[in-house]
A.B. asks: 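The structure follows.
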Amino acid sequence: MSAKVLVTREIPAAGMTLLEGYDVAVLGEGVPGREELLEAASGAAAILSTLTETVDAELLDAAGSGLKVVANLAVGYDNVDVEAATERGVVVTNTPGVLDETTADTAFMLLLAAARRLGEGERLVRSGEWEAWGPKQLTGPDVYGKRLGIVGFGRIGQAVARRARGFGMSVLYHARSRKPEAERELDARRMSLDDLLRESDFVSLHTPLTSETEGLIGAREFGLMKREAVLVNTARGPVVDEAALAEALASGEIFAAGLDVYEREPEVHPKLLELENVVLAPHIGSASIETRDRMARLAAENLVAVLEGREPPNRVNR
């Protein structure tokens, strides 16, 4: 009898084809309910999860002692209780590297859209109320030649920096450790978070969600930023205090924001929904056809490797 593989959401065919020969159960396209997920996990040797499912001790125990691997289809794995999995001898994997450039594209898209008030302009045209070009209509700050502060300078942060160089921007970064090679390549300068916030015209967040980064950007941090500054978040929603962000935007403490992730997804702070100076995207950072194919393929490769007794390409728990 072939091993049972639970796929918690429908994924691209590029990943599904690698699972042929296993007893595969796919729950559907939408986010599964908790009880449905627990029931479906029973007897699974492998779970291919996405960031919308909480893989905790309860789910691991529901699967049973035969569970060998949780292959998370994402770079981040804050939805997986890695410690609980490790205690149970379950391998946890993720899909890094394959979505760096696409997510960096999204960050820069949001940066440009927020600065140049694209959302407001698009809504104005659709409303039928746009009357004519005006010399003061929907003006925003230039992007070219400005200073970009990047918080978290891993692969995605560095990919954003490469795009910024194409716009003639100077690059500042904040990270736990220096990145000498990236500094040379990108002419980037490391500094403290407070100094970065004070000096940057644009701030782009690229940190993982950990106990240290949750609420990293809040009321105090917005108070340090320039009034003309734009904040972009394509990392994880809880890195930013949404209530504080809404207040900073409403009061003019900062100029604008572009968000692809939210503190309590899919919920969005109601005040943010009322504001014109924030661009809101539905977590589409990696949503290119090619990238989602690569993510699905890598998640499946990780899963199959463990079931076949091989070391997976991207193990999280050593």
Side-chain angles (χ1 to χ4, degrees), residues 5-20 22 24 26-27 29 31-32 37 41 44-56 59-60 63 67-83 85-86 90-107 152-160 205-210 213 233-237 239 260-261 265 281-308 310-318:
V5 173
L6 172 62
V7 180
T8 61
R9 303 280 299 274
E10 288 186 13
I11 65 171
M16 291 300 298
T17 55
L18 298 180
L19 302 179
E20 293 176 359
Y22 292 100
V24 180
V26 183
L27 293 187
E29 187 175 352
V31 180
L37 188 61
I47 298 175
L48 195 158
S49 58
T50 75
L51 57 85
T52 57
E53 291 82 60
T54 298
V55 183
D56 54 11
L59 182 61
L60 297 170
L67 183 65
K68 293 180 171 57
V69 57
V70 173
N72 208 43
L73 196 149
V75 174
Y77 44 88
D78 47 275
N79 61 305
V80 180
D81 187 334
V82 177
E83 183 177 351
T86 304
V90 177
V91 175
V92 178
T93 67
N94 65 341
T95 60
V98 296
L99 48 69
D100 299 346
E101 302 299 334
T102 302
T103 304
D105 283 349
T106 302
F153 209 50
R155 286 185 296 258
I156 298 174
Q158 291 174 34
V160 172
L205 306 179
H206 301 284
T207 64
L209 178 60
T210 67
T213 63
N233 188 11
T234 56
R236 282 290 187 264
V239 172
D260 188 44
V261 290
E265 289 186 25
H283 207 141
I284 56 172
S286 62
S288 75
I289 296 168
E290 295 88 347
T291 293
R292 291 288 170 84
D293 279 350
R294 287 192 292 266
M295 291 173 67
R297 189 179 301 114
L298 184 53
E301 288 172 352
N302 282 322
L303 184 153
V304 170
V306 175
L307 291 185
E308 292 183 350
R310 295 181 285 108
E311 180 63 22
N314 301 103
R315 177 195 285 259
V316 168
N317 51 344
R318 295 293 171 187

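Quick note: residue numbers are just sequence positions, from 1. Keep in mind it's a predicted model, so treat the numbers as computed, not measured.
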A.B. asks: Looking at side-chain heavy atoms only, is the closest gap between Val91 and Lys68 below 4.5 Å?
C.D. replies: no

A.B. asks: So, for Thr207 and Ala235, which heavy atoms are closest and what is the spacing to 0.1 Å?
C.D. replies: O-CB, 3.3 Å

A.B. asks: Assess the residue pair Leu6 and Leu27 against the criterion (side-chain contact (heavy atoms from CB on, under 4.5 Å)); give the C-alpha distance rounded to whole Å, side-chain angles, the decisive distance to 0.1 Å, and a yes or no.
C.D. replies: CA-CA 8 Å; Leu6 172 62; Leu27 293 187; 3.8 Å; yes

A.B. asks: Any chance you could lay out the side-chain contact (heavy atoms from CB on, under 4.5 Å) test for His206 and Thr234, step after step, and finish with the verdict?
C.D. replies: CA-CA 7 Å; His206 301 284; Thr234 56; 3.3 Å; yes

A.B. asks: With distance as the sole test, does Thr213 use its side chain to make a donor-acceptor pair with the main-chain N or O of Thr210 at under 3.5 Å?
C.D. replies: yes

A.B. asks: I'd like to know if Arg315 pairs up with Glu311 as an ion pair, taking the criterion as any Lys NZ or Arg NE/NH1/NH2 lying under 4.0 Å from an Asp or Glu carboxylate oxygen.
C.D. replies: yes

A.B. asks: Are Thr106 and Asp260 close enough that a side-chain donor and a side-chain acceptor fall under 3.5 Å?
C.D. replies: no

A.B. asks: Within the supplied structure, the quantity of interest is the number of heavy atoms (other residues, nucleotides, ligands) at a distance under 6.0 Å from Glu265 CD; does it exceed 12?
C.D. replies: yes

A.B. asks: Can you find a heavy atom in the side chain of Thr93 that is under 4.5 Å from one in the side chain of Val70?
C.D. replies: no

A.B. asks: Ser286 and Arg292: which non-hydrogen atoms are nearest, and at how many Å?
C.D. replies: OG-NE, 2.9 Å

A.B. asks: Work out which heavy atom in Val5 is nearest to a heavy atom in Leu19; give both atom names and the distance.
C.D. replies: CG1-CD1, 4.3 Å

A.B. asks: Looking at Asp293 and Ala296, would you say the former's side chain and the latter's main chain have a donor-acceptor pair under 3.5 Å?
C.D. replies: no

A.B. asks: Side chains of Leu307 and Tyr22: closer than 4.5 Å at any heavy-atom pair?
C.D. replies: yes

A.B. asks: So does Ser288 get a backbone contact from the side chain of Thr102, meaning a donor-acceptor N/O pair under 3.5 Å?
C.D. replies: no

A.B. asks: Are the side chain of Thr17 and the backbone of Ala13 linked by a donor-acceptor contact shorter than 3.5 Å?
C.D. replies: yes

A.B. asks: For Thr50 and Glu53, test the side chains for any donor-to-acceptor distance below 3.5 angstrom and give the result as yes or no.
C.D. replies: yes

A.B. asks: Rounded to the nearest 0.5 Å, how far does CZ of Phe153 lie from CD of Gln158?
C.D. replies: 5.0 Å

A.B. asks: Return yes if some donor-acceptor pair links the side-chain N/O of Glu29 with the main-chain N/O of Glu10 below 3.5 Å, else return no.
C.D. replies: no

A.B. asks: Given side chains that start at C-beta, do those of Pro313 and Leu298 come closer than 4.5 Å, heavy atoms only?
C.D. replies: yes

A.B. asks: Which atoms form the tightest heavy-atom contact between Ile156 and Thr103, and what is the distance?
C.D. replies: CG2-CG2, 4.0 Å

A.B. asks: What's the spacing between Leu60 CG and Ile47 CD1 if we round to 0.5 Å?
C.D. replies: 6.5 Å

A.B. asks: Less than 4.5 Å apart, any side-chain heavy atom of Pro312 and any of Glu301?
C.D. replies: no

A.B. asks: If only atom types and distance count, is the side chain of Asn302 paired as donor or acceptor with the main-chain N or O of Asn94 below 3.5 Å?
C.D. replies: yes

A.B. asks: Side chains of Leu48 and Ile11: does their closest heavy-atom pair fall under 4.5 Å?
C.D. replies: yes

A.B. asks: Just by modelled atom types, is the Arg236 backbone N or O under 3.5 Å from a matching donor or acceptor in the Asn233 side chain?
C.D. replies: yes

A.B. asks: Shortest non-hydrogen contact from Asn72 to Tyr77?
C.D. replies: ND2-CA, 3.8 Å

A.B. asks: Could you tell me whether a side-chain N or O of Asn317 sits under 3.5 Å from a main-chain N or O of Val90, the two making a donor and an acceptor?
C.D. replies: yes

A.B. asks: Shortest non-hydrogen contact from Val239 to Leu205?
C.D. replies: CG1-CD1, 4.1 Å

A.B. asks: Report the distance from atom OG of Ser49 to atom CG of Leu73, rounding to the nearest 0.5 Å.
C.D. replies: 8.0 Å

A.B. asks: With a 4.5 Å heavy-atom cut-off, do Val55 and Asp81 have their side chains touching?
C.D. replies: no

A.B. asks: With rounding to the nearest 0.5 Å, note down the distance linking CG in Leu37 to CZ in Arg9.
C.D. replies: 11.0 Å

